[in-house]
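Just the heavy atoms: all of them, side chains too, but no hydrogens, waters or symmetry mates, feed the values below.
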Amino acid sequence: MRPRFGYGTNGLTDLRLDDALGLLADLGYSGVGLTLDHMHLDPLAPDLAARTRRVARRLNRLGLTVTVETGARYVLDPRRKHGPSLLDPAPQRRADRVRLLIRAVQVAADLNAHAVHCFSGITPDGTDDAIAWRRLADALTPVLAAASGAGVPLAIEPEPGHLLATLADFHHLRHLLGDPAALGLTLDIGHCQCLEPESPADCVRAAAPWLRHVQIEDMRRGVHEHLPFGDGEIDFPPVLRALAATGYQGLTVVELPRHSHAGPELASRSLEFLRRADQLAATGPAAQEAAPQGGTS
């Protein structure tokens with residue numbers, strides 16, 4: 001089972017969505033990580049259902065599969081990045097995020113997406129961890145109910161600096177919620193390099209039973225900066241070999257949200273890099289000695 005690669009639209013924000021999807025299909029990607037935002041399938045604008053149907057037809061014509069991502073920076077609050085979160089002290093503001101996620105679940109069902117991605121948010125100043133975890137669990141309960149009803153898993157992402165930052169935090173939430181079937185994991189390979197105690201390949205193996213979505217980019221230890229492939233420290237063939245061994249069937253989506261200015265070129269070079277790395281992964285550990293050195297630039 002070889003990985004199916006996608007590219008995130010949050011790294012193609014200078015392109016219209018139709019153009020971005022056409023680009024990815026022409027390059028040979030298997031799918032797309034579609035971030036719901038004002039420039040790409042705005043979840044708050046009128047006629048969402050009709051617009052979603054048009055996107056579904058476009059994806060079908062192009063032969064692209066999709067994951068729905070909800071990491072838009074200012075989709076709910078034009079002045080607060082990623083605000084409000086599921087941890088916001090104000091119940092009404094938490095409810096705004098819950099409604100967005102439930103809407104994302106419906107969009108995902110209409111697009112036949114394999115997962116909906118989300119994250120916890122940063123713990124607000126002065127908030128006790130126990131209270132923050134309870135807020136997160138309570139806020140996710142109706143989202144998980146919607147996901148279960150729609151048959152679309154909710155894949156929460158450990159995010160550096162957030163309440164839920166690590167794989168251990170994911171398991172804490174899972175147990176807090178009673179291990180619901182609809183709750184899965186988004187594993188960001190760069191985040192594993194950034195802060196997990198185990199290697200990215202070991203993280204893939206540990207996460208396998210709950211893996212519903214994968215994001216991939218390069219990164220350095222201790223620095224949360226999404227980098228083009230080859231500009232960081234990750235050895236990718238072992239990661240892709242581990243991913244293939246899990247039987248994971250979803251998308252592995254390139255996540256370069258701060259590189260939209262060079263999106264088309266990076267989309268091309270990223271797929272070339274990943275295909276080379278996957279060829280090395282498929283031939284076994286010894287082949288890595290012949291791995292190309294240097295970045296994608």
Side-chain angles (χ1 to χ4, degrees), residues 4-45 51-52 54-55 58-59 62 64-83 100 104 107-108 111 113 115-119 157 159-162 186 188-191 193-194 213-220 223-232 234 236 251-275 295-297:
R4 295 190 301 143
F5 298 119
Y7 200 91
T9 59
N10 61 1
L12 295 169
T13 56
D14 292 282
L15 277 67
R16 298 176 184 89
L17 181 56
D18 276 357
D19 292 338
L21 297 179
L23 168 72
L24 298 181
D26 288 346
L27 289 174
Y29 279 94
S30 297
V32 57
L34 175 57
T35 296
L36 303 183
D37 206 349
H38 64 88
M39 74 289 288
H40 291 156
L41 195 56
D42 187 343
L44 303 183
R51 290 184 288 115
T52 301
R54 288 196 292 271
V55 173
R58 177 74 167 152
L59 290 167
L62 294 172
L64 296 172
T65 57
V66 62
T67 300
V68 170
E69 303 203 5
T70 61
R73 294 184 179 96
Y74 295 100
V75 67
L76 289 175
D77 188 333
R79 301 188 180 189
R80 290 178 54 200
K81 182 181 176 182
H82 296 312
L100 176 66
V107 169
L111 294 178
V116 172
H117 150 276
C118 70
F119 49 75
E157 178 188 4
E159 182 80 22
H162 284 212
T186 292
D188 187 300
I189 301 303
H191 295 173
Q193 176 69 20
C194 179
H213 182 42
V214 175
Q215 297 172 344
I216 193 165
E217 70 286 314
D218 218 338
M219 202 168 287
R220 301 186 182 98
V223 182
H224 184 203
E225 180 183 3
H226 291 235
L227 299 172
F229 296 110
D231 289 358
I234 299 175
F236 284 95
L251 288 172
T252 299
V253 172
V254 179
E255 184 80 355
L256 292 173
R258 296 185 180 181
H259 292 76
S260 189
H261 62 282
E265 176 64 19
L266 275 174
S268 176
R269 288 171 14 203
S270 295
L271 187 57
E272 292 172 2
F273 182 98
L274 288 170
R275 283 173 168 168
T296 58
S297 59

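Proximity of a side-chain donor or acceptor of D188 to a complementary backbone N or O of E159 within less than 3.5 Å is not detected. In this structure a side-chain-to-backbone donor-acceptor pair under 3.5 Å is present from R51 to A45. Put simply, the side chain of R220 never gets that close to the backbone of L227: no donor and acceptor are under 3.5 Å apart. The backbone N or O of S260 sits nowhere less than 3.5 Å from a side-chain atom of T13 that would complete a donor-acceptor pair. Judged purely by atom type and a 3.5 angstrom limit, R58 uses its side chain to pair as donor or acceptor with the backbone of D18.
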Given side chain to side chain contact (heavy atoms under 4.5 Å, CB included), test L12 with V32 step by step and report yes or no.
CA-CA 11 Å; L12 295 169; V32 57; over 6 Å; no
Go through the steps for H38 and H40 under the test ring pair (Phe, Tyr, Trp, His ring centres under 6.0 Å), then give the verdict. CA-CA 6 Å; H38 64 88; H40 291 156; 8.8 Å; no
Problem - Evaluation steps, side chain to side chain contact (heavy atoms under 4.5 Å, CB included), between L251 and Y29 - result: CA-CA 10 Å; L251 288 172; Y29 279 94; over 6 Å; no
Practice prompt. Evaluate side chain to side chain contact (heavy atoms under 4.5 Å, CB included) for R73 paired with H82, printing each intermediate quantity in order.
Written response: CA-CA 5 Å; R73 294 184 179 96; H82 296 312; 4.0 Å; yes
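Closest heavy-atom contact between P43 and L100: CG-CD1, 3.6 Å. Heavy atoms only, all atoms of each residue included: A104 and T70 are closest at CB-CG2, 3.7 Å.
Ring-plane geometry between H259 and H261 is classed as parallel, the angle between the planes falling under 30 degrees on a 0 to 90 degree scale with a further cut at 60.
Residues H162 and E157 bring no donor and acceptor atom of their side chains to less than 3.5 Å of each other.
Interatomic distance, I189 CD1 to F236 CZ, rounded to the nearest 0.5 Å: 8.0 Å. One finds the NE2 atom of H117 at 12.5 Å from the CG atom of L34 (value rounded to the nearest 0.5 Å). One finds the CG atom of L24 at 9.0 Å from the OG1 atom of T9 (value rounded to the nearest 0.5 Å). Rounded to the nearest 0.5 Å, atoms CG (L36) and CG (L44) are 9.0 Å apart. Taking CG from D37 and CG from L17, the interatomic distance works out to 11.5 Å, rounded to the nearest 0.5 Å. Interatomic distance, E255 CD to S270 OG, rounded to the nearest 0.5 Å: 11.5 Å.
A 6.0 Å sphere centred on CZ of R80 holds more than 12 heavy atoms belonging to other residues, nucleotides or ligands.
Contact of the T186 side chain with the F119 side chain is not registered, since no non-hydrogen atoms from C-beta on lie closer than 4.5 Å. Using a 4.5 Å cut-off on side-chain heavy atoms (C-beta onward), M219 and E225 make no contact.
Of the residues listed (L256, L271, L21, L23), the one engaging Y7 in a side chain to side chain contact (heavy atoms under 4.5 Å, CB included) is L256, and it is the only one.
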